[in-house]
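A short worksheet on the structure shown next.
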Amino acid sequence: MKPPLLLIGHGTHDETGVAEFGRFVHRLRCRLDGLPAEVSGGFITNARPQLGQSIASLVARGHHHLVALPLSLTGDRRALGDIPGTMALEQERHPTLEYDLGRPLGPDPRVLRLLAERLADARAEMPRFVADEPPAEITPGETAVVLVGHGSTDPAVNAEVHRVSRLFWETHAADLLTVETAYVSHTRPGVPGGLERCRRLGAKRVIVLPYVLFAGAVLERIWAQALAYGANHEGLDIRCAEVIGDCEGLADVVIDRYEEALAGAGHSPAPVTIPAATRPAAAVSGRPSVVGPVAVPAIGTAAPDVPVIETLDADALDVETFDAEVLSSEAFDAEVFGTEAFDAEVFDGESFDAESFDAESFDAESFDGRTEAAAETDTMIGATGHAEAVTEIRGGSPDGPLAQPGVASAV
């Protein structure tokens, strides 16, 4: 027998939404009875049955491994609640409990097809109570759609609804004027804002298409906002479609997510391949290890014999065994030489001999390979910055050589 399916629903105080959620759970029980697999459902907050009660009932019947599936069109954790945290608490109550977490439902191509069915129903001619004159013919090019999502404080979730609108327009409503996006709450634009945009684009008919699973308070708010806008724009034909609702097409998507979670397809991360140009260079015997990202040469330039090292670990640097041939840096750590302004462009790593370098007898005045623009920039450091540099170069002694403004200093 396969592990049971546990559906996790939005917490709601609306009895209509809770009842439709219960009917959908019953539909899945009938569908999965032949596998065989049990189906249960619960809400994290605000409604019954609570998720903990459903889990306790499954454990009491001998199930210790289940598939938890968020019954949601988006991955909005703020709306659904902390599912991993809630399941962790349930595992503390039931130490033998194990679970697999399935993916949200949308945007699945079958969900888009269900939206297209709801749109087709709303586009069909509806009976008119007053028929003084036949209505003017409205072409598809004069018809627009406002796809309405819940709305979230998470911008990524709102962007996902925008993506669904674009996918729906290109795959199922390419003949229409446009498919705009709106939200019930938490963000802009609201339903009136989406309708107004369609009107300004020249639409004569706008169909409000809820991107919502079940009927309830959210659907009523969508319709109320659309009707309020239509009362002030009598020349615009506004129609409201139904939600996706309890149907066989939605059950197909849920069963597919269930089988996917069992197979582990939703939890196997794609292998990450590191290009050879970005892999850390292997340590060379007798040389200190340098850890850092390896720069990739620009397109069209010859690759250097030695990889360019952008960041050098000063702690790993041993001056006595330091081989200058491996150093070709754009951002050298100046703390190795006790200076705040080391210019890597004038440093020739090939001609630098670490063994013959005498820091005490090095004269900074003879080391000036900088441009005038760089020198003028250094003169803007200020008296405080120069005082700190002078103290460090002298090693605390007032008799040491002074650093010249605009000249890179080294110890």
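Computed from a prediction, not measured in an experiment: that's the story for all the values here.
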Donor-acceptor pairs under 3.5 angstrom involving side-chain atoms of residues 55-70: please list them, not counting sequence neighbours.
unit_1: Ser57; atom_1: OG; unit_2: Arg61; atom_2: NH1; d: 2.6
unit_1: Arg61; atom_1: NE; unit_2: Glu38; atom_2: OE1; d: 3.0
unit_1: Arg61; atom_1: NH2; unit_2: Glu38; atom_2: OE1; d: 2.7
unit_1: His63; atom_1: NE2; unit_2: Glu38; atom_2: OE2; d: 2.9
unit_1: His64; atom_1: ND1; unit_2: Thr96; atom_2: OG1; d: 2.7
unit_1: His65; atom_1: NE2; unit_2: Asp100; atom_2: OD2; d: 3.0

Original post:
Salt bridge check: are Arg200 and Glu196 linked by an N-O gap of less than 4.0 Å?
Top reply: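 Salt bridge present between Arg200 and Glu196.
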Original post:
Are Asp237 and Arg239 within salt-bridge range, i.e. N to O under 4.0 Å?
Top reply: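 Yes, Asp237 and Arg239 are salt-bridged.
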Subject >> Set of residues satisfying side chain to side chain contact (heavy atoms under 4.5 Å, CB included) with respect to Pro192, sequence neighbours excluded >> reply: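 Result, side chain to side chain contact (heavy atoms under 4.5 Å, CB included) vs Pro192: Gln225, Tyr229.
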Original post:
What pairs with Glu142 under side chain to side chain contact (heavy atoms under 4.5 Å, CB included), at least two apart in sequence or on another chain?
Top reply: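 So Glu142 forms a side chain to side chain contact (heavy atoms under 4.5 Å, CB included) with Ile138, Thr139, Lys204.
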So, does [X] use its side chain to make a donor-acceptor pair with the main chain of [Y] at under 3.5 Å?
X: Arg257; Y: Pro104; answer: yes
X: Arg118; Y: Ile244; answer: yes
X: Ser54; Y: Gly41; answer: yes
X: Thr187; Y: Tyr183; answer: no

Subject >> Phe214 and Phe21 aromatic ring geometry - parallel, tilted or perpendicular at 30°/60° bounds >> reply: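 The rings of Phe21 and Phe214 stand perpendicular, inter-plane angle above 60°.
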**OP:** Apply side-chain hydrogen bond (donor to acceptor under 3.5 Å, both in side chains) to Glu248 and list each qualifying residue two or more places apart in sequence or on a separate chain.
**Re:**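 Testing Glu248 for side-chain hydrogen bond (donor to acceptor under 3.5 Å, both in side chains), a comparison that skips the adjacent residues, returns Arg27, Arg31.
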**OP:** Could you name each residue pair satisfying salt bridge (charged side-chain N to carboxylate O under 4.0 Å, His left out) that touches residues 1-24, not counting sequence neighbours?
**Re:**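 Applying salt bridge (charged side-chain N to carboxylate O under 4.0 Å, His left out) to every pair that reaches into residues 1-24, excluding sequence neighbours, yields Lys2-Glu259.
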**OP:** Could you note down all residue pairs passing salt bridge (charged side-chain N to carboxylate O under 4.0 Å, His left out) where residues 176-195 supplies at least one of them, sequence neighbours left out?
**Re:**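 As it turns out, the salt bridge (charged side-chain N to carboxylate O under 4.0 Å, His left out) pairs with a partner in residues 176-195, which skip direct neighbours, are Glu180-Arg197.
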Subject >> Minimal non-hydrogen separation, Val179 against Ala173, with atom names >> reply: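 Closest approach of Val179 to Ala173: CG2-CB, 4.2 Å.
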**OP:** Heavy atoms only: give me the nearest Val146-Cys198 pair and the separation to one decimal.
**Re:**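 Val146 and Cys198 have their closest heavy atoms at CG2-SG, 3.6 Å.
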